[in-house]
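A quick write-up on the structure given underneath.
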Number of protein chains: 2
Amino acid sequence: MAKDLEMDLEERVNLFRCAMGFQGIPDSELEKIAHEASVGSFETGEAIFFEEDPCKSYCVVAEGLVRVSVGSSSGNRMTYLLAGRGEPLNLVGPFTGLPRLLSAEAVSKAKVVFVKRDAFLSFAFRNPQVMINVISILGKALDSANGRVMDMMEKPVEERLLKVLYTLYRKFGVTLCFTSRELAELAGTTPESVLRAIGRLRGLGIVSTARGRLVIKQSNLLAESCENILWI
Amino acid sequence: MAKDLEMDLEERVNLFRCAMGFQGIPDSELEKIAHEASVGSFETGEAIFFEEDPCKSYCVVAEGLVRVSVGSSSGNRMTYLLAGRGEPLNLVGPFTGLPRLLSAEAVSKAKVVFVKRDAFLSFAFRNPQVMINVISILGKALDSANGRVMDMMEKPVEERLLKVLYTLYRKFGVTLCFTSRELAELAGTTPESVLRAIGRLRGLGIVSTARGRLVIKQSNLLAESCENILWI
DNA sequence: CGCCGCGTTGAGGCAGCTCAATCTACGTGG
DNA sequence: CCACGTAGATTGAGCTGCCTCAACGCGGCG
């Protein structure tokens, strides 16, 4: 990570203003916390934190895209969150200080804003609405995770992939820059199975593909096959 | 549900004192919230709340056992939580008021204590430590749910069942009163597959079974095969 | 230019789901 | 007290989705 000195106070306040979980907090408080924040720059593929790291800071993405994932002992990974501007990387850690089974890495060149744990905690105690917001976000994440377990049980790979594609479409638009491995880590399957399913979708004219890129041609067909979307 | 008038204030305070998420709250505050609480009695199998119900109250189990589960459109169910005395049924709902995809029913004769949402909310704002505790619990639940997704991906049924049995053993002791269907809803599989796996474990002398009951004979063998337990 | 990672497709194998038959424990009502 | 119905336990047989391994082409990057 490189220290980034370019982002001034004004920009940091702007970031916090639109940050997920900071709705309803007065500007004066946002300025206080922006004062305490520092900024880091990360290259594509660079790690932001590892599993088992004790949590020392609250982190929000300011620029770029960051993948937060759960790893297993056998080397498998599952993508838990794709965080863009304004999205926090770790909502629980700052409150407990304990490590989680999560790791984060930059998917593209990214800037991340850090607030030290004790500064964040006293900010949260001054503004309890933040904690309500965090609880509400965790609730959605929990529902999404439970939904994924259900889907693993009863939905075939192709349906899970459709849900992933629809979710990504809602977040990023029609052009999705992900490899089959990345999609597999989102859908809970293998890259080969993803490729086969995408092959069928391509045959039906629903998507078109190029190396490392996928374009949604008929988003309405995706929407029909998904009752609910993921929280990614 | 039958109104239960037997539980006096003193008992309710005792319940809150040992309730999960209420650590570190002064007795004076516990008494205030105990004042606002009401109690309901439920028969085995009776529903406590349904999916899609908007959340109107915070609920803690006082007696018996309550199953909280996620349902799917195709009729499948997954058990999310088995709540005993002192365990809350819905941590997010009281804060958001929104329905979740969860339903709760009594597994055995049960008593549940309810605190109306606005009373609980003002209690939480007076005692922010409660919100910290809730966030910490949600973090564990989220890690457990993510772990379950990973397990569905890479662990065979038998290993998932071992983890379920070990978790239940840690919570309830060596004698477990669950049917194969209930175990299947915990392990994310079918009753038949559970029975086949249990048959193997019985052959190895690890468990013994009777109708609706299972006894752990060699808990040490269970422990060895599980690196982490579930949050149920 | 050579290497590496990705995309693509084929073949093979197996875990576990589904369906089905049977047996047993238990509760209920006559 | 017994007949009966229901729900769980048990086991077998069959099928299939998808994971695994493998081969090959291609594009990008050092």
Side-chain angles (χ1 to χ4, degrees), chain A residues 43-45 72 74-78 105 107-109 148-165 176-204 207-215, chain B residues 43-45 67 72 74-79 105 107-109 148-165 176-204 207-215:
Chain A
E43 294 301 316
T44 302
S72 80
S74 60
N76 256 322
R77 282 198 323 183
M78 182 192 79
E105 67 173 311
V107 175
S108 63
K109 233 174 192 305
R148 280 171 94 161
V149 179
M150 290 297 297
D151 289 350
M152 293 292 290
M153 248 199 284
E154 61 180 15
K155 301 254 168 76
V157 163
E158 186 157 337
E159 247 172 282
R160 300 206 301 269
L161 181 68
L162 283 174
K163 192 181 278 203
V164 165
L165 291 179
L176 306 175
C177 297
F178 296 97
T179 67
S180 60
R181 164 174 304 281
E182 292 174 307
L183 293 175
E185 286 177 3
L186 283 162
T189 179
T190 59
E192 292 94 329
S193 293
V194 166
L195 257 345
R196 273 180 245 270
I198 285 186
R200 283 188 292 272
L201 298 181
R202 199 187 319 117
L204 295 170
V207 302
S208 70
T209 57
R211 189 188 183 75
R213 181 172 32 246
L214 181 149
V215 181
Chain B
E43 294 301 315
T44 303
R67 170 176 38 238
S72 80
S74 61
N76 255 322
R77 283 199 321 185
M78 182 191 79
T79 299
E105 67 172 312
V107 175
S108 61
K109 235 175 190 305
R148 279 172 93 162
V149 179
M150 290 298 297
D151 289 350
M152 292 292 290
M153 247 199 286
E154 62 180 16
K155 301 254 169 76
V157 163
E158 186 157 336
E159 246 172 284
R160 299 205 303 271
L161 182 68
L162 283 173
K163 192 181 278 201
V164 165
L165 290 178
L176 305 175
C177 297
F178 296 98
T179 68
S180 60
R181 165 176 304 281
E182 293 174 307
L183 294 174
E185 287 178 2
L186 284 161
T189 180
T190 59
E192 292 95 329
S193 293
V194 166
L195 256 346
R196 272 180 245 271
I198 285 187
R200 282 188 292 273
L201 298 181
R202 198 188 319 118
L204 295 170
V207 303
S208 69
T209 57
R211 187 187 183 78
R213 182 178 24 252
L214 181 150
V215 181

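Each chain gets a letter, A, B and so on, in the order its sequence line appears, and its residues count up from 1.
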Tell me: [atom1] of [X] to [atom2] of [N], nearest whole Å?
X	N	atom1	atom2	value
B/M152	C/dC17	CE	C1'	12 Å
B/L214	D/dG8	CG	C1'	14 Å
B/R181	D/dT10	CZ	C1'	15 Å
B/N76	C/dG16	CG	P	16 Å
B/E185	C/dC17	CD	P	14 Å
B/K155	C/dA15	NZ	P	17 Å
A/F178	C/dC6	CZ	C1'	16 Å
A/L195	C/dG7	CG	C1'	5 Å

Report, one line per pair, each donor and acceptor closer than 3.5 Å where one atom sits in a side chain of residues 154-162 of chain A; sequence neighbours left out.
unit_1	atom_1	unit_2	atom_2	d
A/E154	OE1	B/S72	OG	3.1
A/E154	OE1	B/S74	OG	2.6
A/E154	OE1	B/N76	ND2	2.9
A/E154	OE2	B/S72	OG	2.9
A/E154	OE2	B/S74	OG	3.4
A/K155	NZ	A/D151	OD1	3.2
A/E158	OE1	A/R200	NE	2.6
A/E158	OE1	A/R200	NH2	2.8
A/R160	NE	A/A187	O	2.9
A/R160	NH1	A/K155	O	3.0
A/R160	NH2	A/G188	O	2.9

Does [X] put a side-chain nitrogen or oxygen below 4.0 Å from OP1 or OP2 of [N]?
X	N	result
B/T189	C/dC17	yes
B/T190	C/dT18	no
B/T179	D/dG8	no
B/S180	D/dA9	yes

Compare every heavy atom of [Y] with every heavy atom of [X], then report the nearest pair and how far apart it is.
X	Y	answer
B/M153	A/T189	SD-N, 4.3 Å
B/R181	B/P191	CA-CG, 4.0 Å
A/K109	A/T44	N-OG1, 3.4 Å
A/G45	A/E105	O-OE1, 3.4 Å

Are any non-hydrogen side-chain atoms of [X] and [Y] less than 4.5 angstrom apart?
X	Y	value
B/L176	B/V207	no
A/V164	A/V194	no
A/I198	A/L183	yes

- prompt: Checking all strands, does A/G199 fall into the base, sugar-phosphate, or nothing category for heavy-atom contacts under 4.0 angstrom?
  reply: nothing
task: Under 4.0 Å between any heavy atoms, over every strand shown, what does B/R202 touch: base, sugar-phosphate, or nothing? Just pick one.
output: sugar-phosphate
message: Base contacts versus sugar-phosphate-only contacts with protein, heavy atoms under 4.0 Å: please encode nucleotides 22-28 of chain D as B, S and - from 5' to 3'.
response: ----B--
- request: Return the 5'-most residue of the pair A/M153, A/R213 with respect to DNA chain C, ranking by each residue's nearest nucleotide.
  value: A/R213
query: Would you find a donor on one side and an acceptor on the other, under 3.5 Å apart, between the side chain of B/E185 and the backbone of B/E182?
result: no
query: Short question: side chain of A/R148, backbone of B/R148 - any donor-acceptor pair under 3.5 Å?
result: no
task: Can you pull out how bent the helix from C/dC1-D/dG30 to C/dG30-D/dC1 is, comparing the axes over its first five and last five pairs, to 10°?
output: 40°
